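Model, not experiment: these values are computed from the prediction. Below, chain A is the first sequence line, B the second, and so on; all start at residue 1.
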Protein chains: 2
Amino acid sequence: MTILAELGERNVIEEIVKTVGTRVSTGEVLSYPDDAKDLLPKAPRLIVNVDGYGIDRLRLPWRDSSDIGWCAITGSVSDVIAKGGFPDAVLIALGLPPGYPLEELRKLAEGVKDAIDYYAIRLVGGDTNSSSEPWIAVTAIGFTPAKKPPTRKGLRVNDYIVVTGIYGAMGFAAIKGIEEAGRRHWVVERTKRPVAIKELSVVISSNYRWITASMDVSDGLGYTLQTLSIESDARILLTQPPLYEPSLIDECQGSMECVVKTAMSGGEEYGVVLGIRPEGLNNVVKDLEYYNIPFRVVGRVVDGEPGVFYGDKPLEFASWDQFKGWG
Amino acid sequence: MTILAELGERNVIEEIVKTVGTRVSTGEVLSYPDDAKDLLPKAPRLIVNVDGYGIDRLRLPWRDSSDIGWCAITGSVSDVIAKGGFPDAVLIALGLPPGYPLEELRKLAEGVKDAIDYYAIRLVGGDTNSSSEPWIAVTAIGFTPAKKPPTRKGLRVNDYIVVTGIYGAMGFAAIKGIEEAGRRHWVVERTKRPVAIKELSVVISSNYRWITASMDVSDGLGYTLQTLSIESDARILLTQPPLYEPSLIDECQGSMECVVKTAMSGGEEYGVVLGIRPEGLNNVVKDLEYYNIPFRVVGRVVDGEPGVFYGDKPLEFASWDQFKGWG
């Protein structure tokens with residue numbers, strides 16, 4: 001088994017570049033192995049984001065290293081999409097132990113490559129480091145023609161709340177535990193390689209006039225709704241559950257309270273929550289349908305203190321804190 | 001002593017933002033705590049880079065956490081500058097143990113703030129993670145008006161080689177060891193907070209027609225020269241040492257071979273090595289002098305196989321490999 005210490009830094013980087021590839025767009029000058037990359041803007045506004053991960057913490061038992069590479073790229077790209085940005089490029093910083101197997105590095109790089117191809121983006125920069133605990137940090141750079149990318153703070157009374165994506169798999173794992181979740185084919189399948197829907201950036205950027213707020217569901221749907229409510233100083237009243245995994249009905253023995261709580265818990269689900277002015281709802285719905293993006297209008301913004309209510313009860317959900325754990 | 005697990009993720013981020021601050025430029029919409037940031041380009045071409053660090057590995061005994069924050073920002077900004085980019089913004093991903101002291105986090109953030117102020121840039125994104133070994137990854141984004149930012153590959157026969165910066169302190173530490181280095185005031189002072197010179201981006205971007213290659217000295221001067229030589233498939237003949245620490249003369253008991261070897265070893269020295277067409281040398285020299293940037297014309301590109309020669313001998317130096325260590 002070859003390990004990174006035998007390869008040396010230069011060859012570790014070569015290995016990643018060989019697997020992932022680099023692509024230089026027209027008019028650009030710098031490329032691997034230059035220490036910095038030049039990019040020509042593809043729209044009038046940049047959208048940028050960084051997300052880091054402990055590689056072992058992304059490792060659900062059914063995720064191999066390639067899935068982790070996929071997940072790390074998806075997480076960062078998703079935030080760009082949620083702001084109406086068209087993802088263009090990523091930069092990756094890696095920390096790996098000197099004893100890390102080359103084979104696992106290759107798999108990780110293959111997952112990165114899969115994601116980069118899927119999102120039609122490219123790798124434009126990277127750095128490798130020695131670290132006892134392996135980690136990955138991904139910076140995503142995108143461009144948007146939108147004059148006002150949606151913030152977290154814009155919800156106003158009467159806005160409709162739209163949730164894209166199908167929920168419940170990660171929530172099941174959060175509530176029932178990883179071991180139990182591993183026995184459910186539908187959970188494994190849904191959580192192995194979560195997907196951010198690229199076409200959402202078209203919908204969001206072309207409807208920015210009516211989209212008052214937008215946030216991706218990387219930290220769980222309940223947490224996302226609550227955060228939008230607090231940041232916008234606005235009350236959200238849910239009247240319908242989001243789209244959820246059909247298997248949840250059985251798992252919850254028909255209890256809708258259980259279905260909703262499970263759908264609201266979890267994380268790494270890369271739908272978005274949108275606030276939409278009433279006059280724009282039809283346009284947004286039409287565009288979401290055009291791109292076959294699964295969604296549901298789940299409720300509205302109502303008068304009152306910040307908070308998220310489902311019917312007449314405050315919303316319940318489990319959420320993850322990097323330093324505190326599940327709570 | 002307060003630790004991060006007591007604060008929770010949200011408060012950890014608040015703590016950093018409170019210390020470092022955020023700054024929204026005219027026309028920009030998104031800001032903390034949005035998951036992505038929008039930027040309006042400030043020149044026709046972006047220059048981007050990512051650099052990661054094990055926080056404990058940046059920790060020379062005389063560097064506190066604030067120095068480490070400084071160093072991490074400087075390392076990434078330096079690569080943008082070396083390509084003629086005007087640094088505009090950074091994104092920071094952090095991995096810290098739940099037991100990490102709040103006080104050390106604050107110091108780290110203060111060092112980041114110092115660097116951000118010094119380079120007149122801003123923090124536009126961040127992410128925190130739990131990690132047994134603390135790490136930091138910094139993405140720097142800059143803009144340049146240069147049509148052809150210099151690569152590593154452009155050296156041509158007859159080019160002059162110009163080295164900016166003053167060398168020897170990190171090389172002394174690399175060769176003599178950290179303990180010995182810690183007893184030298186001049187080494188401690190020079191290596192505590194290495195500086196990248198911002199004005200270099202003006203010199204490089206306005207002279208890009210004559211600058212055939214450029215690379216920053218983050219991995220040691222010898223390594224940088226060697227890399228430029230190999231990547232450009234060109235032989236470098238050095239006829240003068242770079243500017244070096246005056247104390248080296250005593251330390252080397254007058255041996256110029258020792259002085260040069262020490263100056264060529266080391267790393268985290270954020271000067272640049274430039275290849276310059278003969279017809280452009282006067283312009284570049286004039287600009288370097290105008291901005292008071294320390295530099296020396298150290299040699300030229302000559303006919304022959306790739307390699308770096310000092311007089312008639314191949315250059316000797318120590319260099320660092322992330323996965324192999326010093327070699």
Selection from B:Thr139, B:Asp127, B:Ile47, B:Leu4 maximising heavy-atom pairs under 4.5 Å formed with chain A
B:Asp127
Counting heavy-atom pairs under 4.5 Å to chain A, which of B:Gly142, B:Ala140, B:Ala93, B:Ala36 comes out on top?
B:Ala36
Measuring heavy-atom distances to chain A, does B:Pro44 have an atom under 4.5 Å in its side chain, in its backbone, in both, or in neither?
backbone
Against chain A, work out which of B:Ser130, B:Ala89, B:Gly52 has the most heavy-atom pairs shorter than 4.5 Å and name it.
B:Ser130
Of all the heavy-atom pairs spanning A:Val50 and B:Gly125, show the shortest one and how long it is.
CG1-C, 4.1 Å
Quick one: does A:Val29's side chain get under 4.5 Å of B:Lys147's, heavy atoms only?
no
Side chain, backbone, both or neither: which part of B:Tyr32 has a heavy atom under 4.5 Å from chain A?
backbone
Of B:Asp216, B:Val80, B:Val12, B:Asp56, the largest count of non-hydrogen pairs under 4.5 angstrom with chain A goes to B:Val12
Side chain, backbone, both or neither: which part of B:Lys83 has an atom under 4.5 Å from a heavy atom of chain A?
side chain
Contact class of B:Phe143 relative to chain A, heavy atoms under 4.5 angstrom:
side chain
Please state whether the side chain, the backbone, both or neither of B:Lys153 comes within less than 4.5 Å of a heavy atom of chain A.
side chain
Below 4.5 Å from any heavy atom of chain A, which atoms of B:Leu94 appear? Answer side chain, backbone, both or neither.
neither
Between A:Glu133 (side chain only) and B:Ser131 (backbone N and O only), is there a donor and an acceptor less than 3.5 Å apart?
no
Counting heavy-atom pairs under 4.5 Å with chain A, the top scorer among B:Ile141, B:Thr144, B:Asn49, B:Leu30 is B:Leu30
Need one label for B:Pro134: side chain, backbone, both or neither, based on atoms under 4.5 Å from any heavy atom in chain A.
neither
Sort B:Ile3 into side chain, backbone, both or neither according to what part of it lies under 4.5 angstrom from a heavy atom of chain A.
neither
Look only at the side chain of B:Arg152 and the backbone of A:Pro33, and say whether a donor-acceptor pair between them is shorter than 3.5 Å.
yes
Can you say whether B:Val138 sits under 4.5 Å from chain A via the side chain, the backbone, both, or neither, judging by heavy atoms?
neither
Please rank B:Ser214, B:Gly95, B:Gly126 by heavy-atom pairs under 4.5 Å with chain A and give me the top one.
B:Gly126
Side chain, backbone, both or neither: which part of B:Glu231 has a heavy atom under 4.5 Å from chain A?
side chain
